[in-house]
Amino acid sequence: MASATQDFSQFDISKEEIDKLVAEVVRYVLFKTHQNSGCPIKREELVQLVTKNYSQRALPAHVINAAKEKLSNAFGYELRELLRCRPSSATQGRSTQQTGVAEAKSYVLISQLPAEVYKKYVEDENSAHLSGFTFVVISIVHLAGGKIPEDILWRHLKRMGLCETDVSHPVFGNAKQALEILVQQRYLQKDKVNGPEGNTLFYELAERSLDGPVSEKMKEYISEIVSKDVVPVDVDEAE
């Protein structure tokens, strides 16, 4: 971790203080990821950990970069940065104006272990169904062009035995809550669109699904399943 902490003298604080801040950020990321089922951690949360006792402007970025190295070297995790994206309807007819980079960024932990090692020693078999559910839902939305009306999404899920009215599904429990967790984890985002027939709720891919590794793996799995080129889902298809 020397490369990220060697130039600590510019902040007029000791190396021990830097190390303590880095350890605090690492602990916070690990705990928060476990506590919140992998939901992204806002950059501003990590910045506040550093700035509560220190006012040096460049210190938060320095500490976060050092924490990234420690998480990678000591724990085998990548602290991956995501840039929050808006629903497509919110960006139509508006100028591309950022409200502040610090507010828009968040972080998630991604294992750097080889897939076979992760599956054997780390993966929790009790949560495998949640990973499968995530893959199925974001694949449906991807095949629909990245955005799908709520009723059409539930129509596809119903074909697999999952109904939106399920509150005690034997595997997923409350079905609507299971879908809402994907929104909290930023695999999906909700977008309410006004139309001639009233408001329509859409589910749209969010930044975590659009992120390179997740997106490429999803496309690879879809191609393997269908054994041919991916084709769009007809969102107007009747049952």
Side-chain angles (χ1 to χ4, degrees), residues 36-40 42 80 82-94 96 99 104-106 108 110 127-239:
N36 291 344
S37 303
C39 293
K42 294 179 181 178
R80 190 166 184 86
L82 301 174
L83 186 62
R84 191 178 183 94
C85 58
R86 289 181 174 184
S88 56
S89 67
T91 60
Q92 293 175 357
R94 297 184 181 181
T96 55
T99 58
K105 289 181 179 178
S106 62
V108 292
I110 299 178
S127 64
H129 63 288
L130 298 176
S131 299
F133 177 71
T134 302
F135 163 73
V136 167
V137 172
I138 66 175
S139 296
I140 291 172
V141 179
H142 170 74
L143 289 169
K147 185 173 183 176
I148 191 170
E150 180 185 34
D151 60 329
I152 303 299
L153 175 58
W154 280 112
R155 182 185 303 173
H156 288 291
L157 293 175
K158 186 176 181 180
R159 291 171 177 170
M160 298 183 299
L162 191 63
C163 298
E164 61 180 316
T165 55
D166 289 339
V167 293
S168 56
H169 189 276
V171 177
F172 298 105
N174 189 308
K176 279 193 172 182
Q177 183 59 35
L179 190 60
E180 181 62 26
I181 289 174
L182 299 190
V183 175
Q184 296 170 6
Q185 293 175 333
R186 296 301 296 171
Y187 286 106
L188 298 176
Q189 57 187 337
K190 292 187 284 190
D191 187 15
K192 186 175 289 186
V193 178
N194 294 324
E197 299 180 0
N199 293 330
T200 301
L201 182 64
F202 286 81
Y203 282 94
E204 186 172 354
L205 296 179
E207 60 272 8
R208 200 162 178 182
S209 294
L210 297 171
D211 190 43
V214 175
S215 179
E216 290 304 315
K217 186 177 293 186
M218 174 180 61
K219 293 174 184 177
E220 178 184 334
Y221 285 160
I222 291 173
S223 297
E224 289 178 1
I225 290 172
V226 300
S227 298
K228 59 182 178 181
D229 292 337
V230 174
V231 295
V233 171
D234 183 2
V235 297
D236 295 323
E237 177 188 0
E239 286 188 277

Nearest heavy-atom approach of F172 to H129 is CE2-O, 3.6 Å
Evaluation steps, side-chain contact (heavy atoms from CB on, under 4.5 Å), between L179 and L188: CA-CA 9 Å; L179 190 60; L188 298 176; 3.9 Å; yes
Could you give the distance from OG1 (T165) to NZ (K176), rounded to the nearest 0.5 Å? 8.5 Å
Indicate yes or no: at least one non-hydrogen side-chain atom of M160 is less than 4.5 angstrom from one of I140. yes
With side chains defined as the heavy atoms from C-beta onward, is the minimum distance between S215 and L210 less than 4.5 Å? no
Find the distance between CD (Q184) and CD (Q177) and round it off to the nearest 0.5 Å. 6.0 Å
Taking it one step at a time, do C85 and Q189 satisfy side-chain contact (heavy atoms from CB on, under 4.5 Å)? CA-CA 9 Å; C85 58; Q189 57 187 337; 3.5 Å; yes
If every non-hydrogen atom of H169 is compared with every non-hydrogen atom of G161, which pair is closest and at what distance? NE2-O, 3.7 Å
Looking at every heavy atom in both D191 and P87, which two are closest together, and how far apart are they? CG-CB, 3.5 Å
Could you go through the side-chain contact (heavy atoms from CB on, under 4.5 Å) check for I138 and H142 one step at a time? CA-CA 6 Å; I138 66 175; H142 170 74; over 6 Å; no
Give every residue pair that meets the ring-ring contact (aromatic ring centres under 6.0 Å, His included) criterion with at least one member in residues 180-219, sequence neighbours excluded. none
Strictly distance-based, threshold 3.5 Å: is any side-chain N or O of Q185 a donor or acceptor partner for the main-chain N or O of S37? yes
Closest non-hydrogen contact found for P149 with T200 is CB-CG2, 4.4 Å
Would you say the side chain of L162 lies within less than 4.5 Å of the side chain of F133, judging by non-hydrogen atoms? yes
E180 bridged to K190 by N-O distance under 4.0 Å: yes
Is there a side-chain contact (heavy atoms from CB on, under 4.5 Å) between I148 and H156 once you walk through the steps? CA-CA 11 Å; I148 191 170; H156 288 291; 4.1 Å; yes
Shortest non-hydrogen pair, C163 vs K158, comes out as SG-CG, 3.8 Å
Atom CE in M218, atom CG in D211: separation rounded to 0.5 Å? 11.0 Å
Check: R208 and R80 side chains under 4.5 Å, non-hydrogen atoms: no
Is a side-chain N or O of R84 found less than 3.5 angstrom from the main chain of S106, in a donor-acceptor match? no
